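Here's the structure we're looking at; comments come further down.
Numbers for residues simply follow the sequence, beginning at 1. Predicted model, so just to flag it, every value in this text is computed and none were measured.
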Amino acid sequence: LRAQADEAAGTGPLVIDTDLGLDDAVAVALALQSPHLEVASLVATEGVAGEDRGSRAWRLLDFFNRHDVALSVAPSAVPRPAAPPFRAFATAALDRALPPDESSQQHPGLTAQSYAPADGRTTVLALGPLTGLAAALRAEPQLAARIARVIVAGPSDPEQNWNLRF
């Protein structure tokens, strides 16, 4: 099924799970500026962004002055898949576009609160690989009851959607 463009609007707290590919960075930037979305948390997963995903996610939140959005960094997948061939291009482009991270802030690790940071149920917008969400659900299965729905970007066929293959 295809999602409507405003499917996540008005659904309560939104958690964006992203690997900060260039397409994700644009979507996150738009979501952070939207008056129709209540972005509560950003989860930086492995994929395109690589090891510096926490710093890049923080720089994006800082650029848009969204210090109210919680940031969590998902652990690397085990076994670790090969880095996507476009990682170097995407990370270099983001590094040129975002101001440098001059803070020495540590970015918190992934917990169940990363996906359910508020009272009530959240919507998870999965723009990157689902490894972070899977790890959180394995660690705390009751988290599923606090998630109203998960919206996965892209086609449902893993052959056509890189995030489902990672």
| said: If you apply the rule side-chain contact (heavy atoms from CB on, under 4.5 Å), what do you find for Leu133 with Val150, and how did you get there? | reply: CA-CA 10 Å; Leu133 180 58; Val150 177; 4.0 Å; yes

| Rounded to the nearest 0.5 Å, how far apart are CG of Leu98 and CH2 of Trp58? | 13.0 Å

| task | Kindly compute the distance separating CZ (Arg53) from CG (Leu71), expressed to the nearest 0.5 Å. | result | 11.0 Å

| request: Would you check, one step at a time, whether the test side-chain contact (heavy atoms from CB on, under 4.5 Å) holds for Val39 with Ile16? | output: CA-CA 7 Å; Val39 181; Ile16 302 176; 4.1 Å; yes

Minimum heavy-atom separation for [X] and [Y], please, with both atom names.
{"X": "Ala57", "Y": "Leu42", "answer": "CB-CD2, 3.9 Å"}
{"X": "His67", "Y": "Asp62", "answer": "NE2-OD1, 2.6 Å"}
{"X": "Leu143", "Y": "Ala116", "answer": "CD1-CB, 3.8 Å"}
{"X": "Gly132", "Y": "Ala74", "answer": "CA-CB, 3.9 Å"}
{"X": "Pro129", "Y": "Glu46", "answer": "CG-O, 3.5 Å"}
{"X": "Leu127", "Y": "Ala153", "answer": "CD2-CB, 3.9 Å"}

| Please, which pairs that meet salt bridge (Lys or Arg N to Asp or Glu O under 4.0 Å) have at least one residue in residues 31-42, sequence neighbours excluded? | none

| field | Stepwise side-chain contact (heavy atoms from CB on, under 4.5 Å) check, Leu94 with Arg59 | value | CA-CA 10 Å; Leu94 281 174; Arg59 289 164 54 201; over 6 Å; no

Donor-acceptor contacts under 3.5 Å from residues 24-32 side chains, at least two apart:
| unit_1 | atom_1 | unit_2 | atom_2 | d |
| --- | --- | --- | --- | --- |
| Asp24 | OD2 | Thr18 | OG1 | 2.9 |
| Asp24 | OD2 | Asp19 | N | 3.3 |

Heavy-atom side-chain proximity of [X] to [Y] below 4.5 angstrom:
{"X": "Leu60", "Y": "Arg66", "answer": "no"}
{"X": "Ile151", "Y": "Val124", "answer": "no"}
{"X": "Thr91", "Y": "Arg56", "answer": "yes"}

| said: Does anything in residues 108-117 form a side-chain hydrogen bond (donor to acceptor under 3.5 Å, both in side chains)? List the pairs, not counting sequence neighbours. | reply: Asp17-Tyr115, Ser72-Ser114, Gln113-Arg146

| query | Between Val15 and Val43, does a side-chain contact (heavy atoms from CB on, under 4.5 Å) hold up when you go through it step by step? | reply | CA-CA 7 Å; Val15 175; Val43 177; 4.0 Å; yes

| request: Could you tell me whether the side chain of Arg121 and the main chain of Ala145 form a donor-acceptor pair under 3.5 Å? | output: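 Here the side-chain-to-backbone pair exists.
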
